Amino acid sequence: MINPFPRNMAIPALRAAYMSGELTPVELMAEIRARADQYREHNIWIHLLSADEQVPYLEALQDKNPDDCTLWGIPFAIKDNIDLGGIPTTAACEAFAYTPAESAAVVQKLLDAGAIPVGKTNLDQFATGLNGTRSPWGPCRNSFDPDYVSGGSSSGSAVSVALGLASFSLGTDTAGSGRVPAAFNNLVGVKPSRGLLSTSGLVPACRSLDCITIFSYGTDDANEVLAVAEGYDETDAYSRSNPFQNQSRHYGQREGKLRIGVIPEAQTEFFGDGDYARAYRGVLEQLAGEEVELVEIDYQPFEEAARLLYEGPWVAERYLATQPMIDEQPEKIFPVVRDIIAPGKEPRATELFTAEYRLNELRHICDRQLENL
């Protein structure tokens, strides 16, 4: 069996290795490419950067001071619906592919901070799915057991970090794609609230709901990356400034007992999977203690809001994101993805407003429950 962690890939560990002279970014990138080849059966990559393609990023480090560049020499992976200048963006659909001249705004911030791209990762096509199997590049296999799903749609981004091929990665999240793969691969998945990370240079799934997300080994690394990546972007109509009370400088400052919301036993649903049910209850038992209070919430309004995303008129946004291909070349789209997106042509404006009204009602109900958690 391949050792998934021949070295510590966390940001502080790599920084220390660079400072001590034990390692150089060139050596690390060569090591990652060699090890990536050993994990081909996991179907992680749509485009793994070659040594020649990485040269400009490595040469740029010579003009950057490691003390001033938070992510100097740190390898990261990019979900292949997010642009990296000069490298094709496919959204896991070859017929859709294009080569952007510029990187997405968030990617450029990371590059400016010294981060080095490893490659573009596999995903559920057009970011439609939560299991990581809906791709012509093959199902992205779980980092612990290849027979298990990795979670989607940001499957490759999660598995690349979980197998030690990147220190962090970028995914996206519309319905859970930045959190489900993190959970299935033992990572931290951070979904910043909408607008904190620019979506300029992102192939949208649902433009009004999309978020770029971060996968990392721990919350410290995630906070470092978030601090670099966030910021108002005037080219993104949904971008907004981060309020002072939410900025990264407040990370780690919270004190007192942690109150966590949990679903009442009567509302849990494991679809016949007894192992999952036991694991879930085991986690609650581990969390409960003097420093943590578990508070039951009514999950029904949360579930209703979730159903609106795939069963309501928001699927029309996915239809818009895939035009004109869905109209002119529907056979080029992965069958399961096509079946989800195609009905998006049908919803009427009246349906959208009715659903929008209900969503806002549900938001108030859910917010009241979350106020003290």
Side-chain angles (χ1 to χ4, degrees), residues 33 36-37 40 42-54 56-57 76-108 110-111 116-129 131-140 150 152-160 165-166 169-174 177 181 198-207 210 212-213 235-236 317-342 344:
R33 284 192 300 275
D37 189 58
R40 278 180 295 178
H42 283 266
N43 301 319
I44 298 169
W45 306 101
I46 289 179
H47 185 113
L48 183 69
L49 266 65
S50 67
D52 288 343
E53 288 172 327
Q54 285 186 329
Y57 305 108
F76 75 110
I78 305 166
K79 185 177 181 178
D80 198 22
N81 61 342
I82 304 171
D83 288 347
L84 175 64
I87 301 298
T89 298
T90 71
C93 180
E94 193 168 8
F96 177 83
Y98 64 91
T99 301
E102 298 180 347
S103 296
V106 166
V107 172
Q108 191 58 54
L110 299 171
L111 297 175
I116 307 296
V118 175
K120 306 295 292 296
T121 59
N122 200 3
L123 64 147
D124 282 327
Q125 192 178 72
F126 293 113
T128 301
N131 54 53
T133 67
R134 300 169 179 175
S135 169
W137 275 262
C140 186
S150 57
S153 60
S154 306
S155 52
S157 290
V159 177
S160 66
L165 303 176
S169 62
L170 298 181
T172 64
D173 192 316
T174 304
S177 298
S198 169
T199 55
S200 291
L202 165 68
V203 176
C206 293
R207 191 181 174 206
D210 287 334
I212 289 181
T213 62
T235 68
D236 175 10
E317 284 202 277
R318 294 185 182 272
Y319 184 87
L320 288 172
T322 57
Q323 280 187 312
M325 179 167 290
I326 187 71
D327 294 329
E328 299 172 2
Q329 297 177 286
E331 73 282 358
K332 300 290 187 182
I333 298 178
F334 200 71
V336 179
V337 174
R338 183 177 64 238
D339 291 346
I340 293 171
I341 293 175

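Quick caveat: nothing in here was measured; it's all calculated off a predicted structure. Just so you know, residue 1 is the first one in the sequence shown, and it goes up from there. The figures that follow rest on heavy atoms only: side chains count, while hydrogens, waters and symmetry mates do not.
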Is it the case that the side chains of Thr199 and Asp210 hold a donor-acceptor pair, with the cut-off being a distance below 3.5 Å and no angle test?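 Note: Asp210 and Thr199 side chains miss the donor-acceptor criterion.
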
Heavy-atom distance under 4.5 Å between the side chains of [X] and [Y], does that happen here?
X	Y	result
Asp327	Tyr319	yes
Leu170	Leu110	yes
Thr174	Arg318	yes
Cys93	Phe334	no
Phe126	Arg338	no
Val118	Phe76	no
Glu331	Gln329	yes
Asp124	Val336	no

Qualifying residues under side-chain hydrogen bond (donor to acceptor under 3.5 Å, both in side chains), relative to Asn43, sequence neighbours excluded: none

Which heavy atom of [X] sits nearest to which heavy atom of [Y], and what is that distance?
X	Y	answer
Thr213	Thr172	OG1-N, 3.4 Å
Ala127	Ala205	CB-CB, 4.1 Å
Val159	Ser150	CG2-CB, 3.7 Å
Cys140	Ser155	CB-OG, 3.4 Å
Phe96	Met325	N-CE, 3.5 Å
Val106	Ser198	CG2-O, 3.3 Å

Please lay out, stage by stage, how Leu49 and Leu84 fare under the test side-chain contact (heavy atoms from CB on, under 4.5 Å). CA-CA 11 Å; Leu49 266 65; Leu84 175 64; 4.1 Å; yes

Are more than 12 heavy atoms, taken from residues, nucleotides or ligands other than Glu94, located less than 6.0 Å from that residue's CD atom?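 Not more than 12 within 6.0 Å, no.
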
Atom pair [atom1] ([X]) and [atom2] ([Y]), whose distance is rounded to the nearest 0.5 Å:
X	Y	atom1	atom2	answer
Ile326	Leu320	CD1	CG	11.5 Å
Thr128	Ile333	OG1	CD1	9.0 Å
Ser160	Trp45	OG	CH2	4.5 Å
Arg33	Ser50	CZ	OG	7.0 Å
Ile46	Leu123	CD1	CG	5.5 Å
Ser200	Ile82	OG	CD1	12.0 Å

Quick check: does any side chain N or O of [X] sit under 3.5 Å from a backbone N or O of [Y], one acting as donor and the other as acceptor?
X	Y	answer
Thr133	Pro139	no
Gln125	Arg134	no
Thr90	Ala97	no
Glu317	Arg207	yes
Thr121	Gly156	no
Ser177	Ser154	no
Gln54	Pro117	yes

Keeping to residues at least two apart or across chains, list the salt bridge (Lys or Arg N to Asp or Glu O under 4.0 Å) pairs with something in residues 77-87.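 Those involving residues 77-87 are Asp80-Lys120.
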
Stepwise, does the side-chain contact (heavy atoms from CB on, under 4.5 Å) test hold for Asn81 with Leu202? CA-CA 6 Å; Asn81 61 342; Leu202 165 68; 3.6 Å; yes

